[in-house]
Each structure stands twice: as structure tokens, then as C-alpha cells.
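Below is one structure, written out as C-alpha cells; comments come after it.
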Amino acid sequence: MVRKLSDNSWEIPIGRTPGMRVPGRLFVSESLLEGIDPGTIDQIANVATLPGIQKYSMAMPDAHLGYGFAIGGVAAFDREEGILSPGGVGFDINCGVRLIRTNLQKEEVVPHIEALTEALFHNVPSGVGSKSRIRASDRELDDAFLHGARWAVEAGYGVEADTEHCEADGFLDGADPSHVSTKARTRGKPQFGTLGSGNHFLEVQYVDEIYDRDVASAFGLVEGQVTVMIHCGSRGAGHQICTDHLRELSQAVKKYGIQIPDKQLACAPAQSREAQNYFKAMLCAANYAWANRQVITHWTRETFEKIFGRDADDLGMDLLYDVAHNVAKLEEHRVDGKKKEVYVHRKGATRAFPPEHPEVPAAYRAVGQPVLIPGSMGTPSFILCGTKEAMDISFGSACHGAGRIMSRAHAKTEFRGQTIKENLEAQGITVRATHPSVIAEEAPGVYKSSSEVVNVVHELGIARKVARVIPLGVAKG
DNA sequence: ATGTTC
């Protein structure tokens, strides 16, 4: 059913799903392959039937079942002959991760970790339906849809350097709020600066291991240093935008006579009105998510200032980087020796651009894009760098996290939140959540090992390990 | 992921 190409690379041959235009390719170790659901492999094969797909339909080592496309999936489609599909992006448009440096050492933070975690939990609203202190006007919402993190910085939530250290400078061009429904706007307005629920979190961490001293130095990372990781997305706005346009694109599938093996793969020709309307609305959600993470960054800095009695500049709280891991983008890639423009869909996959790529910020141009891979609650997260190999193998992409292996429902029967919390506290990790069930659903045991997943992309060479960070305090919804 | 069942 899958054919081994190398230690971490497997081919899903043409034929697993009728109508496959290219093979599938799954990047996993032999041991991770055992945990991959056959349905996930079917999803990778299904995507290979879509018009204009380039090279192969891929999935990263953290792959698992998603809506239509597998989570952990990467697929690139020809700009003219290809398609755009909301299932290839996911409901949480521009779910992503950012990492803030500090010049604090672990020893300085540990005595304050309970107060710090409590204050972060208090200052950054979290949980399903959580609301912000900010009540955005229609005009501000439009500005955020159009300008992302740049809007947030101009509104006073951060500094100029923050946007320079985001993928795409914290906003994508071409967004058009006229394709965002009133319902999506209503859901989005009160949610700027909120974390949400599920696997989203705000985590205080420390660097415990450096793998590549030169790159770590370029990223401003040293052993023992405290960092803050923020993982969240576009909240209700992005979810509603996806829902609205899925409905439109389900109709478009019939209109354009596209054969799809699964209704969840609703799509339309890339340059059709329907696909472009989705794309312009998706860019609004992507920009909303960058604005959201930027506002959270501001409140995180304020919280540190209060707890440590020093200002954020003095604490060295610079943004290291911000990555999107649920987004579709028009990018230039080399296919069959020729440069071409493709819509790269990354759904639970991180861009991993190499040294010297013009889209990598000047500060990191010599070493490659920072690739931020969050672990599950209580397990290590990793900082990697992008590589030339990623451009050759995976359309400049790597994995995005540990990858869930147990459903939320199952997790709640298997684990007790309070017990998990006590276990984590025994390891020196403070957890603050809206409800114990949130902790049970996100227990470390419901995920693959982040270390094992990261080792696959490192060994393949599609991203290289730079540093590992260990949690000290976690706030989540 | 999500005002967690249109």
C-alpha cells in the first residue's frame, strides 16, 4: 500500500484512489508509519486527483485525518491549470506560532512562574468564545483584514520590528473584505487578542539544548534563556470565512465539472471567480490571525513588565519570528527544472525557506527562515531553520507540530485533567486552563512525540534543528 | 479548530 523510498520517505502509488494524477509522498519514519491511520493515507491519495497538482501530494510526519486534506498535508497547484480548496487550508486559517525572546534566564523566572502564568492567563483571554477587551470598529476590522500585524502595530500593539520578523511581514497582499460575510465580521470583531481553545496556548519556556550554535546565535538564542511561544489562529472569523466559502465552492465543483473523490475536497479552478473570492477572503482571515498574535504579544510584554518591574525593551522581548501553518499562498517554485508559480496549500505544515531566499528577513537571510514547531502541552518545542532541500523536496515546507493520535473524546475518558496537571507540576511545569477537561484533552499522551516528528524532517534535511525549548508555564483555553 | 449539532 505504501512503497519505501528511503528511511523517512514513502510513496503512495498512483491507483490507490482512482484518478490520481501524481503519486503521494509521506514523510515518516518506520515507527511513525505504524501510527498513521489508513484514512490519512487515503486523504493524501485523494488530493493527488485534483487538477493541476504538481510533483506529488505530500504529508509531513505529524500527519493525521483532517477535513478532506490530511492535517500535515502540503499540495501545490499550477496557477492557471490548478485549483484552490478551503480543505487544503483548514478551518483555522493562519493558525500559526510565534516566538518571543527575552534576556531572562530560567533561574530568574522559575521563582515567579506561578504568578507569571496566572497573570498571562488573566491578561490574554482564552477559551471557546472568549472575548477581548478591544471592541474593534468596522473600520478597524477592515484595517486588520487588509494589513494584519501592521494594523496592530499602528494601533499601538507592538513595535515596527515585530512585523519585519513575521512570515510575509505579518500581512498578505490581495485581501478583500468585501468577500467576508457579516456573520464572519460579527464573530471577528470582539476576538482580537484572544487565544481560543483546543491546542492553542501561550507558553513560557527555556532553551535547554542548542544543536546548531551558529544559527542559534543568528536567532539570538542561548542556553538557559527564557522564551515565550504563542500558538493560535483567526478564531471565529477564520472559521466562518472557511464555512461560508466551502458552501460556494461545493456548488462550483458541479458548475466546473470537477471530479472529486470526497465532497470535503470542494474546490474551483484557481482563476475562477469562486476560487478567487475564497482566496481574497482567506487572506483577510490570515491577516486577522497575524493581528491577533500581535495583540497577544503586546499583552504578553505588558504582563512581563508588571511581574519583573522592567520594561519590555530592557527585558529583550523581541519577536524572533512568526510562522503561518494553515494557509495557501502563491509562490514561485522550481518544477521539472523550470520556475513556475503555484498555489502552495499548507495545512498543518510550516514554510521552511532556505538561506538567501528573498522572503527570509534580512536578519536571518544568511541562515534560513526560523521554523517554529510547538510540542504538545508539557513536551519540548523546537526551533529549526529552513533549507535548500525543502525547496527541492517539499515546496519549501516542513512539519508543524507533534500531531494528535487520540481523539478529544477518547482523551477525556483516558485522562483526568487534575492528575495530568499534578504530573506536569511535579516536572516543574505550571499549567493554568479554563477547565480541567481542557488539560485532559491536551494531555501529552494524546500526541505523537514532538522529538520523533522533528527528527524526521531534520534527517530528511527539509529543516534543520537549531534549538530545543522546555515549558515552564502554560496558559490555555 | 469552531458561539464544539444546519
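Order of the sequence lines fixes the chain letters, A, B, ..., with proteins taken first and strands second; residue numbering starts at 1 for each chain.
Taking atom CD on A:Gln191 and atom C1' on B:dT2, their separation rounds to 9 Å, with Å as the unit. The separation between A:Glu442 atom CD and B:dT4 atom P is 18 Å, rounded to whole Å. Taking atom NE2 on A:His410 and atom P on B:dT4, their separation rounds to 24 Å, with Å as the unit. Across the protein-nucleic acid pair, A:Asn326 atom CG and B:dT2 atom C1' stand 13 Å apart, rounded to whole Å. As rounded to whole Å, 15 Å separates atom C1' of B:dT2 from atom CZ of A:Arg247. Straight-line distance from the OH atom of A:Tyr288 to the P atom of B:dT2: 11 Å, rounded to whole Å. Atom NZ in A:Lys412 sits roughly 9 Å away from atom C1' in B:dT4 (whole-Å rounding).
Cation-pi geometry between A:Arg351 and A:Phe353 is satisfied (NZ or CZ under 6.0 Å from the ring centre, within 45° of the ring normal).
A:Glu441 comes within contact range of no nucleotide atom at all, as no heavy-atom separation falls under 4.0 Å. Counting non-hydrogen atoms under 4.0 angstrom, A:Lys347 reaches nothing in the nucleic acid.
The aromatic rings of A:His325 and A:His400 sit perpendicular to each other, their planes meeting at more than 60°, with 30° as the lower class boundary.
DNA chain B is contacted by A:Arg235, A:Gly236, A:His239 of residues 233-245 of chain A, taking any non-hydrogen atom closer than 4.0 Å.
No side-chain donor-acceptor contact under 3.5 Å links A:Gln271 to the backbone of A:Pro269. No side-chain donor-acceptor contact under 3.5 Å links A:Thr379 to the backbone of A:Gly375.
A donor-acceptor contact closer than 3.5 angstrom links the side chains of A:Arg293 and A:Asn94.
Listed by chain and residue number, A:Arg16 satisfy the salt bridge (Lys or Arg N to Asp or Glu O under 4.0 Å) test with A:Asp42 (two or more places apart in sequence, or in another chain).
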